[in-house]
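For reference, the structure is listed below as structure tokens.
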Amino acid sequence: YTLKPTREPGTSELQRVYQRLQRRFSSVTLHVSAYDALPQSRELAAEFVTQLDAAFQDDLPENAYRGSDRTPVRRIDGPPPGEEATPTP
């Protein structure tokens, strides 16, 4: 989640672009890892992330948004590179 600063009165569009490029906005990163390749585990992890996001919505200010302008966010399915998926009993 990134907290975008509110636009100050009298700020030109050029000033706004400059500020966005020069300052990093405050942010919070939530990282959930689920390396188990079983479909059930992925479904549980997806449900957990959905519930976690819903819980955060009540406490985030209006200027917060999910994502980041500077760091790409991506979802990785499956085991880490070089490791094979092993089902757990």
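Numbering starts at 1 and runs along the sequence shown.
- Scored by the side-chain hydrogen bond (donor to acceptor under 3.5 Å, both in side chains) test, E62 finds no partners at all (sequence neighbours excluded).
- Applying the ring pair (Phe, Tyr, Trp, His ring centres under 6.0 Å) rule to F56 yields the partners Y1; only residues at least two apart in sequence or on another chain are considered.
- A64 and L60 make their closest contact through CB-CB, 4.0 Å (heavy atoms, listed as atom of the first residue, atom of the second, distance).
- Checking side-chain atoms of Q57 against main-chain N and O of A54 turns up no donor-acceptor pair under 3.5 Å.
- Residues passing the salt bridge (charged side-chain N to carboxylate O under 4.0 Å, His left out) test with E47: none are found, sequence neighbours excluded.
- One hydrophobic cluster holds both L30 and V49 under the rule that ILVMFWY side chains link at heavy-atom gaps under 4.5 Å.
- More than 12 heavy atoms of other residues, nucleotides or ligands lie within 6.0 Å of CD in E13, so this atom counts as buried by the packing criterion.
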